[in-house]
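Lettering follows sequence order; numbering is per chain, from 1. Every value quoted in this text rests on a predicted model; they were computed, and no experiment measured them.
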Amino acid sequence: MSGDLFQSSLEFEAAEGAAEAGESLVVDIDGYEGPLHVLLALARTQKVDLLKLSITRLAEQYLAFVMEARNRRFSLAADYLVMAAWLAYLKSRLLLPKPERPAEKGMEPEEMAAALAFRLMKLEAMRKAVDQMRALPQLRRDVFTRGDPEAQVVIPSREIEASLYDLMVAYVSQRQKEAQRQYTPMAVEAYPLDDARERMREMLPRLKAWTALGGVAPQGHPAGGPSRASFVASTLSASLELVKDGMLEAKQLDAFEEIYVRAREIGFPLELTP
Amino acid sequence: MSATLRDPAETERLVEALLFAAAGPLSLEDIQRRLPEGADAGRAIEAVRTRYAGRGVELETVAGRYRLRTAPDLAWLMTEEREEPRRLSKAALETLAIIAYHQPVTRADIEQVRGVSLNRGTLDLLLAMGFVRLRGRRRSPGRPVTYGTTDLFLEQFSLANLGDLPGAAEMKAAGLLDMGVPAGFEVPDPTRADDGDLLSMDDGDDAPEFAQDFVGGEEP
Amino acid sequence: MSATLRDPAETERLVEALLFAAAGPLSLEDIQRRLPEGADAGRAIEAVRTRYAGRGVELETVAGRYRLRTAPDLAWLMTEEREEPRRLSKAALETLAIIAYHQPVTRADIEQVRGVSLNRGTLDLLLAMGFVRLRGRRRSPGRPVTYGTTDLFLEQFSLANLGDLPGAAEMKAAGLLDMGVPAGFEVPDPTRADDGDLLSMDDGDDAPEFAQDFVGGEEP
């Protein structure tokens with residue numbers, strides 16, 4: 001696979017120039033899809049068959065690229081760093097003298113290098129394919145079928161026009177609608193009467209004057225807990241119990257009007273007015 | 001290049017392409033305007049007319065404008081072909097999807113998922129098209145009939161078997177399950193459904209005597 | 001009359017008219033079905049192809065079917081008919097190419113070739129545009145869904161079949177369309193070095209043969 005047909009993208013050229021310039025590596029990191037794309041751009045600067053690529057040199061170029069990017073405070077995605085670590089490892093294995101007996105497991109460094117070269121070739125082949133596909137005559141860009149829509153009367157299809165994707169979309173939309181229809185009533189949390197009673201007893205000393213029950217009952221909490229109605233209802237019940245015990249007075253001017261409460265002086269008997 | 005373009009044969013090619021791709025009839029001016037400088041549109045149009053004369057496609061002049069159209073004597077070939085593509089209605093596709101994933105399902109099951117009552121015609125259409133089949137009766141009160149998909153369904157959607165239906169993971173991957181799905185959303189595995197749990201079709205309560213006629217072979 | 005209809009020249013006229021009036025590419029069967037009994041559709045199609053060769057309008061085979069379309073060298077002329085192309089990102093184009101050349105492929109395969117994880121929207125877009133379809137599941141752990149291209153993809157790129165993808169034969173000969181070779185790239189793992197496991201694609205043939213790959217494959 002020669003690189004002649006490969007159409008360099010702008011980012012590609014940037015990396016190429018940068019790699020040739022050695023230390024002063026300037027790259028637009030955003031121009032790359034990922035570490036493999038960077039490696040491919042760097043490999044192309046060696047201008048050799050990718051299978052005869054010097055992996056050690058490539059590793060050095062890549063490490064320089066990563067170093068430079070970090071110096072320039074680019075935040076590099078983790079996979080760029082993983083690749084750097086892997087290349088550093090591969091480079092060291094390639095440079096170290098071979099052990100007497102082969103490693104028991106794992107690939108030989110040469111095999112790993114060949115695998116990397118293969119992946120680069122494959123990616124390059126795909127990028128070349130993209131360029132070649134772009135050059136194909138495309139419908140409604142380069143070639144055109146008959147333009148008059150009303151004259152197109154012969155319909156080819158005998159199959160139904162539905163793909164698996166359509167089926168999936170139809171299914172999911174149904175299930176989503178079904179989920180929306182399901183009504184789960186929330187369990188209503190009530191303000192316990194015991195709590196209301198206790199709270200009213202504590203409040204008694206502060207209820208010297210007539211106070212609207214609405215002001216005595218706790219306000220509801222928007223985040224949850226008992227509703228305002230439950231607070232008012234339980235407070236009213238507790239208040240009436242205190243009235244019965246002779247500790248509180250209550251009055252209401254008319255039906256549905258505000259109810260007022262006030263602490264009763266100790267010792268006054270309960271007057272039951274008819 | 002312009003020398004080539006003034007070549008009458010080349011101009012004829014251009015006019016041919018323009019007439020073919022045009023959405024409606026073109027006037028002489030329309031054509032002349034789109035041709036390179038120096039090309040003789042009138043002459044090219046006549047050349048196209050001569051070339052297509054007597055063919056299956058001909059050049060026609062309508063109200064001083066030109067268009068290619070099929071030869072009038074072949075109208076019989078065309079009229080017959082005005083058939084609609086077989087397009088499944090939204091309701092039919094949705095019903096088919098539910099049957100595929102939840103089979104064997106009863107009519108009531110389908111209605112429960114869809115939230116609307118099922119038009120009798122929808123299921124009939126799917127049965128008639130051969131995408132859906134009866135699968136047996138469920139052992140539950142009323143012994144309702146259940147439905148499932150056919151081999152033709154698998155063929156239509158290029159599936160080797162029901163286990164190849166995309167599952168929840170693929171729906172998620174395709175971006176279809178982003179919102180509005182309750183926790184624990186599960187797509188049933190249609191391959192797990194076993195017809196062993198179902199009663200045969202003739203076992204229905206609603207046609208007990210009649211069904212006997214069909215069991216024939218099993219009766220002593 | 002039937003004598004006339006079996007006349008090859010007349011059959012050619014009919015085929016010409018049918019292709020001209022068609023809303024999309026017609027298969028040999030589509031055409032044969034519409035012709036009178038005894039007419040040789042295949043021969044007539046080839047006659048039309050020859051007649052139109054080099055003209056402004058030509059006969060083309062796409063996705064194994066036939067259509068008339070303007071000659072590619074006249075693209076410059078068709079400015080008024082041209083539609084603004086929908087721009088695919090670099091990632092989407094690369095993904096489409098990988099799917100086209102390697103199909104059926106899994107999401108993981110695509111990610112392996114590109115060395116980056118696949119953005120969720122990329123595959124969705126290709127599916128929604130109708131260029132890519134779900135093809136089934138691979139018989140490997142996890143039973144991942146595989147993807148392939150559609151007829152619409154071939155029609156868009158004027159390809160007769162997947163074998164006509166540019167450079168496909170050379171890439172295949174060079175082993176570049178194999179998925180299994182780079183075992184141990186990420187993490188050296190001897191168990192993955194056996195490329196026999198990794199190569200086991202569903203239909204066992206990585207040459208993208210355009211066929212109804214899963215139809216009539218295995219029974220559930």
Side-chain angles (χ1 to χ4, degrees), chain A residues 33-37 77-79 123 126 130 133-189 223-224, chain B residues 17-25 57 67-70 77-88 90-98 100-102 110 112-116 129 131 153 155-159 164-168 170-172 174 176-177 179-182 185-187:
Chain A
E33 292 283 338
L36 214 54
H37 291 76
D79 44 354
L123 182 61
M126 285 301 107
V130 165
M133 272 167 58
R134 276 206 185 117
L136 289 171
Q138 277 194 52
L139 192 62
R140 288 183 291 275
R141 186 191 74 178
D142 308 307
V143 296
F144 300 83
T145 52
R146 191 177 173 197
D148 185 354
E150 284 171 26
Q152 297 176 344
V153 295
V154 177
I155 310 292
S157 161
R158 271 193 294 173
E159 294 167 7
I160 61 156
E161 293 179 4
S163 69
L164 201 49
Y165 185 69
D166 297 332
L167 192 75
M168 249 163 75
V169 171
Y171 180 73
V172 170
S173 71
Q174 287 307 290
R175 293 297 305 274
Q176 279 173 336
K177 273 190 220 148
E178 182 196 21
Q180 281 161 11
R181 276 195 313 272
Q182 278 169 359
Y183 170 63
T184 325
M186 295 224 305
V188 177
E189 201 183 327
Chain B
L18 284 175
L19 286 169
F20 177 80
V57 175
R67 73 165 179 211
L68 291 170
R69 54 107 213 244
T70 52
L77 187 66
M78 302 296 140
T79 47
E80 200 190 349
E81 313 304 337
R82 289 178 182 274
E83 58 183 58
E84 286 298 304
R86 288 171 69 179
R87 188 165 233 142
L88 283 179
K90 191 161 170 281
L93 188 65
E94 285 171 359
T95 303
L96 183 58
I98 293 163
Y101 280 100
H102 294 247
I110 300 168
Q112 204 212 321
V113 176
R114 298 198 62 228
V116 282
M129 290 177 94
F131 291 138
F153 165 83
E155 252 176 66
Q156 164 70 32
F157 293 98
S158 301
L159 294 166
D164 282 357
L165 271 173
E170 287 77 36
M171 292 175 183
K172 207 167 282 172
L176 296 174
L177 281 182
M179 40 209 281
V181 168
F185 171 86
E186 270 180 34
V187 176

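One distance of note links OG of A:S173 with NZ of B:K90; it measures 6.0 Å at 0.5 Å rounding. Distance check, rounded to the nearest 0.5 Å: CG of B:L19 to CZ of A:R146 gives 11.0 Å. How far CG of B:D164 is from CG of A:L164: 9.0 Å, rounded to the nearest 0.5 Å. In this structure, A:Q174 CD and B:E94 CD are separated by 3.5 Å, a value rounded to the nearest 0.5 Å.
In this structure the side chain of B:Y101 never reaches within 4.5 angstrom of the side chain of A:R175, judged on heavy atoms. Side-chain contact between B:H102 and A:Y171 is present, with heavy atoms from C-beta onward closer than 4.5 Å.
Looking at B:A22, only its backbone comes within 4.5 Å of chain A, counting heavy atoms on both sides. Only the backbone of B:L68 comes within contact range of chain A, with at least one heavy atom under 4.5 Å from a heavy atom of that chain.
Considering all non-hydrogen atoms of both residues, B:F153 and A:L167 come closest at CZ-CD2, 3.7 Å.
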